[in-house]
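Here, residue 1 is the first one in the sequence, and each next residue gets the next number. Computed from a prediction, not measured in an experiment: that's the story for all the values here.
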Amino acid sequence: MQRRGAGLGWPRRQQQQPPPPAVGPRAAAMAPPSGGVPPGLGGRAACALLLFCYLNVVPSLGRQTSLTTSVTPKAEQSMAYKDFIYFTVVEGNVRNVSEVSVEYLCSQPCVVNLEAVVSSEFRSSIPVYKKRWKNEKHLHTSRTQIVHVRFPSIMVYRDDYFIRHSISVSAVILRAWITHRYSGGDLNVKWEDNLLHAVAKNYTLLKTVPPFERPFKDHQVCLEWNMDYIWNLRANKIPQCPLESAVLLFADVVTLLGFLYASSGENTGIVKKFPRFHNRELEATRRQRIDYPVFTVSLWLYLLHYCKASLCGILYFVDSNEMYGTPSVFLTEEGHLHIQMHLVKGEDLAVKTKFTMPLKEWFRLDLSFNGGQVIVVATSLGQDLKSYHNQTISFREDFYYNDTAGYFIIGGSRYVTGIEGFFGPLKYYRLHTLHPAQILNPLLEKQLADRIKLYYERCAEVQEIVSVYMSTVQQGGGRPEACDLRNSYLDLKLRYGRPSTCRAFPWEQELKDRHPSLFQTLVEMGLLTVPRNQNESVLEVGGRIFEKAVKRLSSVDGLHQISSVVPFLMDSSCCGYHKASYYLAVFFETGFSVPQDQLQGMLYSLVGGQGSERLSSMNLGYKHYQGVDNYPLDWELSYAYYSNIATKTPLDQHTLQGDQAYVETIRLKDEETLKVQTKEDGDVFMWLKHEATRGNAAAQQRLAQMLFWGQQGVAKNPEAAIEWYAKGALETEDPALIYDYAIVLFKGQGVKKNRRLALELMKKAASKGLHQAVNGLGWYYHKFKKNYAKAAKYWLKAEEMGNPDASYNLGVLHLDGIFPGIPERNQTLAGEYFHKAAQGGHIEGTLWCSLYYITGNLETFPRDPEKAVVWAKHVAEKNGYLGHVIRKGLNAYLEGSWGCHKQDLGKFAASPLLMLNSHGPYSV
């Protein structure tokens, strides 16, 4: 997605959906291309689970000062008598006896509680120490008590003759809280119930010590000399697995992709990040090879076209400075591979293969780097890995290779578009150079891969038939003896009678038998309805076929005709009209009036996603986010699909074109909300129009919003909306209407641009205290006057007033390095502003945050793929094309137009609503 500049915003809309929840500590890091779980804890699942429980059940827990509960400073506490509790651990490590100083103040008779809980590899939330005491006399006074916390020996000392099985502890949390005696706190109350009534609380993490770094315990017991001797022989030996060397041989293998990924050739892709090795030996080896890379990449590809730009992304590394690193592999316009490396001396070096990649054929690409001087490139075709091409490239330069100082991208990104086609399994051997025969990377999902190949083979035939048909018609209908359009009688018939059809096209009977529905549709189109312009594409014919199929589905018994319509939808899909692909995916995955075929449903979902069909991409994103219907759970893959639609959502909204509607939260059981759904001839709309005509500013504003955004069932009509904006702005003193009209005058949306009047109205609205107008003035000075100091002044003022657009715009200034007084780019500050904007519902700000979470390239935004998906999904679900489908479904529900007979209502839902089933639970 292309990064957008400072935003003015659009005419305000009624906010129907809240922003995504700000769950867990924040983070911040790279830029999106043109939107409740705490962050990860170093891969330690038990520790993460434990902290998740406490950070959610007890959200105000904190570590010392930076993570403590917000409390009043001590000087103010004594004056206001607010309860507080602090504690200090003399030593931060877990010891057999740890001295803890607890400082607290109670405003009422209270109970002070202190508890230690631990998490191990196999269990979490294990209480190992509890203590509580009363304070009834010393109220309104700060008190300090020293507590000696005793931990079990098995988590403090090494194994010895008496302690045979010490445990490895991943996290130790020490927490304290205060409860009032007469508000649910008592010595006899259970600890869990007592915690719920806490009036002040705090926590800290104690540092754990690995078992082999702990001291031995002095048991003050003497062993017999022979037992002591035997024990000392093995006391300092670290156990080793006899097969450890064999295990380490394959410990560096990373499966970056295990399922098929449909790449649409746009600026979105899969983001992966390598952690450091937990094994010290492997990590030491990786560090030693930073200037001598030894690794192997193996991936499966199915290319539909060569690159339409100069380069298209396949697999490339982006370092912490947002620069390409080693390796970076791209596809060129001619079909060659462009392989780029970063050199130790700081420069970049690129080479191009001598051979081209095969099209519309599954092949495996293997790249082996052996030191800084040799690259072996090999491609193998098909399941049997028949050798296709290989090439060895030698260099005299040393490559720089640090695979943890950045992230990998599969496909497209904000830097480059991706390939058009499909990715298969991708394996990465981080520390080994392997010959293709040694690589274990089979093409998984073989049946699905075969169906993809068969689909495009069939579609090549369909597209050829349509192209020949169009060409023949353009030349006058084929052979003159069969289709003589110069016949005067036929001319009259064409002019006044039914369209003539020509059946004399040069196709064999065998071809007609393979595509009966296509030939039937082409014949029924008739010569007069066929595109005569050579620029009209196969895609348009596919759209016409789809419309014909949908018209049949929309009939009274349409749901009973699904099986007969499927062949026409298949032909439409082959012509590149991927709304048909989405319909087919739903039919086959659900078995709705057709035999259920999961593989066929996956095929059409992937085909639709590759064709960038919005609902298909969202379907794939949801399936991988949930891991349902035989789709693997993969948040990075889910993000790739959701972010593709999320980046288009603000662009779709700004174009105000196509079949779009505002996405609203409407529950079918909410009768009050359903009553206000209306149309242009509905009672609600007519009443608003009546009030607006009488000069009611609120009615004018609501009417304009409904028409501009297509809300509450009203069809989108920007021209009519602008009339009401203008009427309200010029006749009333309502600042909201004045601001809205100023925006459309600035942008020329449905009206001639008038910057002078727009600025005058914007200043007038700002003088009335409207924060959107204050932000608008900043946008004016930024865009038209290039006065960044004045723009920043207005945006800082608007941000103080709570305007999310202003927060986003300030982030853009920091990201571009043009904030007054700060000459350099500051991504950290930009990320903070974007996060604040996202919390206010700003779409572009949310997109930036989702990208920061998926890349983890900023320290303030630790990598969190699940959170990245949640934020991208939130934006994607605001897409106007999705809103249009939901609105059609709601209208069908309100009108009782179910598309089937009454006796079938218990079995089938309305056909527009059916199209949403595979996306998951939407509000409508």
> Counting distance only, does the side-chain N/O of S617 pair as donor-acceptor with the main-chain N or O of I645 below 3.5 Å?
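Judged by distance alone, no pair lies under 3.5 Å.
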> Could you tell me if the ring centre of F369 sits under 6.0 Å from that of Y401?
no
> Are the side chains of L337 and L365 in touch, meaning some heavy atoms are under 4.5 Å apart?
yes
> Treating H435 as the side-chain partner and A437 as the backbone partner, does any N or O pair qualify as donor plus acceptor under 3.5 Å?
yes
> Check this for me, if you would: do E866 and K873 make a salt bridge, where the nitrogen-to-carboxylate-oxygen distance has to be below 4.0 angstrom?
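A salt bridge is absent here (no side-chain N lies under 4.0 Å from a carboxylate O).
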> Set out, in order, the CA-CA distance, both residues' side-chain angles and the distance that settles side-chain contact (heavy atoms from CB on, under 4.5 Å) for E420 and K308, then state yes or no.
CA-CA 9 Å; E420 291 188 54; K308 295 179 180 178; 3.0 Å; yes
> Please report the closest heavy-atom contact between A872 and A646, naming both atoms and the distance.
O-CB, 3.6 Å
> Does the ring center of F408 lie less than 6.0 Å from the ring center of Y428?
yes
> What I'd like to find out is whether the side chain of V594 reaches to under 4.5 Å of the side chain of F588, using heavy atoms alone.
yes
> Once rounded to the nearest 0.5 Å, what's the spacing between atom SG of C574 and atom CG of L518?
9.0 Å
> P358 and E361: which non-hydrogen atoms are nearest, and at how many Å?
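So the two residues come closest at CB-CB, 4.4 Å.
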> Can you confirm whether more than 12 heavy atoms, excluding those of Q447, are under 6.0 Å from its CD atom?
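No.
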> Given side chains that start at C-beta, do those of Q438 and P436 come closer than 4.5 Å, heavy atoms only?
no
> Tell me, do I465 and V468 make a side-chain contact under 4.5 Å, heavy atoms counted?
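Side-chain contact under 4.5 Å: no.
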> Aromatic rings Y400 and H342: how do their planes relate, parallel, tilted or perpendicular, breaks at 30° and 60°?
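Rings of Y400 and H342: perpendicular, over 60°.
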> Exactly one of N619, L569, L584, D597 should register a side chain to side chain contact (heavy atoms under 4.5 Å, CB included) with Y604. Which one does?
L584
> Would L426 and T255 satisfy side-chain contact (heavy atoms from CB on, under 4.5 Å), going step by step from the backbone distance to the final call?
CA-CA 6 Å; L426 195 163; T255 301; over 6 Å; no
> Can you tell if the side chain of L331 reaches within under 4.5 Å of the side chain of H338, non-hydrogen atoms only?
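L331 vs H338: side chains apart.
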> State whether E589 and K623 are salt-bridged, where the test is any N-O pair (Lys NZ or Arg NE/NH1/NH2 against Asp/Glu carboxylate O) under 4.0 Å.
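The answer is yes: the pair qualifies as a salt bridge.
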> Give me the atom names and distance for the closest heavy-atom approach of D319 to N857.
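Between these two residues, the closest heavy atoms are O-ND2, 3.3 Å.
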> Answer yes or no: is there a side-chain heavy-atom contact under 4.5 Å between V254 and K427?
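V254 vs K427: side chains apart.
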> Are any side-chain N or O atoms of S572 and backbone N or O atoms of F568, one a donor and one an acceptor, separated by less than 3.5 Å?
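Checking the backbone N and O of F568 against the side chain of S572, no donor-acceptor pair under 3.5 Å is found.
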> In terms of side-chain heavy atoms, does D366 have a donor or acceptor partner in S298 at a distance below 3.5 Å?
yes
> One thing to verify: whether K272 and E636 come together as a salt bridge, which I'm taking to mean a side-chain N less than 4.0 angstrom from a carboxylate O.
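So E636 pairs with K272 through a salt bridge.
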> Mind checking whether Y625 and Y642 have parallel, tilted or perpendicular rings, split at 30° and 60°?
perpendicular
> Please give me the minimum heavy-atom distance between A876 and T649, naming the atom from each residue.
CA-OG1, 3.9 Å
> Does any donor atom in the side chain of S612 or E266 lie under 3.5 Å from an acceptor atom in the other side chain?
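Short answer, yes.
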> Do S573 and S581 get their side chains close enough for a donor-acceptor pair, meaning under 3.5 Å?
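Side-chain D/A pair, S573 to S581: present.
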> Short question: side chain of W362, backbone of A449 - any donor-acceptor pair under 3.5 Å?
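At least one qualifying donor-acceptor pair exists.
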> Consider only side-chain N and O atoms of T404 and N402, and report whether a donor and an acceptor are under 3.5 Å apart.
yes
> Quick one: sort the Y261 and F423 rings into parallel, tilted or perpendicular, breaks at 30° and 60°.
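The rings of Y261 and F423 lie parallel, inter-plane angle below 30°.
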> Please check this pair: side chain of Q626 against backbone of V628, looking for a donor-acceptor N/O pair closer than 3.5 Å.
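Judged by distance alone, no pair lies under 3.5 Å.
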> Kindly compute the distance separating CE (M357) from OG1 (T332), expressed to the nearest 0.5 Å.
8.5 Å
> Less than 4.5 Å apart, side chain to side chain, heavy atoms only: is that true for V541 and Y577?
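Side-chain contact under 4.5 Å: no.
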> Can you see whether Y456 has R451 sitting over its ring - NZ or CZ less than 6.0 Å from the centre and within 45° of the normal?
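Negative - R451 is either too far from the ring of Y456 or too far off its axis.
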> For a disulfide (SG to SG under 2.5 Å) check, start with the C-alpha distance between C459 and C575, then their side-chain angles and the critical distance, and finish with the verdict.
CA-CA 7 Å; C459 289; C575 290; over 6 Å; no
> According to the interplanar angle, ranging from 0 to 90°, do the rings of F587 and F592 count as parallel (below 30°), tilted (30 to 60°) or perpendicular (above 60°)?
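Geometry flag for F592 against F587: parallel rings.
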> Where the side chain of N390 meets the backbone of V377, is there a donor-acceptor pair that is under 3.5 Å apart?
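Absent.
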> I'd like to know if the side chain of S638 reaches the main chain of D634, judged simply by a donor and an acceptor atom lying under 3.5 Å from each other, with no hydrogens or angles considered.
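Absent.
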> With R514, which residues qualify under salt bridge (Lys or Arg N to Asp or Glu O under 4.0 Å), at least two apart?
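R514 satisfies salt bridge (Lys or Arg N to Asp or Glu O under 4.0 Å) with E461, E510 once adjacent residues are dropped.
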> Checking K273 side chain against G406 main chain: does a donor-acceptor pair fall under 3.5 Å?
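Yes.
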> Sub-3.5 Å donor-acceptor pair from the side chain of E333 to the main-chain atoms of L311, do we have one?
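Not at all, since once roles are kept as given, no pair shorter than 3.5 Å links the two residues.
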> Could R458 and D571 be called an ion pair, given the rule that one side-chain N must be under 4.0 Å from one carboxylate O?
yes
> Any salt bridge linking E322 with R414? Criterion: basic side-chain nitrogen under 4.0 Å from a carboxylate oxygen.
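Yes.
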> Minimum heavy-atom separation for T353 to H336, with atom names?
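Reported closest heavy-atom pair: O-ND1, 3.0 Å.
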> With heavy-atom distances below 4.5 Å as the criterion, would you say the side chains of I439 and T296 are in contact?
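I439 reaches T296 side chain to side chain.
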> Evaluate the criterion side-chain contact (heavy atoms from CB on, under 4.5 Å) for residue pair C312 and F330; output intermediate values, then yes/no.
CA-CA 5 Å; C312 291; F330 306 94; over 6 Å; no
> Between K345 and D398, does any side-chain N to carboxylate O distance fall below 4.0 Å?
no
> Determine, using ring centers only, whether Y639 and H624 are less than 6.0 Å apart.
no
> About how many Å separate CD1 of I339 and OG of S328, when rounded to the nearest 0.5 Å?
10.5 Å
> Got a salt bridge between D291 and R289, using NZ or NE/NH1/NH2 to carboxylate O under 4.0 Å?
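Salt bridge: no.
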> Is the F295-Y429 ring centre distance short of 6.0 angstrom?
no
> Using a distance-only test with no angle check, is there a side-chain donor-acceptor pair under 3.5 angstrom linking Y316 and S413?
yes
> Applying side-chain contact (heavy atoms from CB on, under 4.5 Å) to Q610 and F422, what does each step give before you reach the verdict?
CA-CA 8 Å; Q610 196 287 317; F422 298 87; 3.9 Å; yes
> When rounded to the nearest 0.5 angstrom, what distance separates CG in L637 from CD1 in I410?
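It is 9.0 Å, given to the nearest 0.5 Å.
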> Distance from F317 atom CZ to Y407 atom OH, nearest 0.5 Å?
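Nearest 0.5 Å value for the CZ-OH distance: 9.5 Å.
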> To the nearest 0.5 angstrom, please state how far the CG atom of L448 sits from the NZ atom of K453.
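The distance works out to 14.5 Å.
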> Do you know the tightest heavy-atom contact between G424 and L257?
O-CD2, 3.3 Å
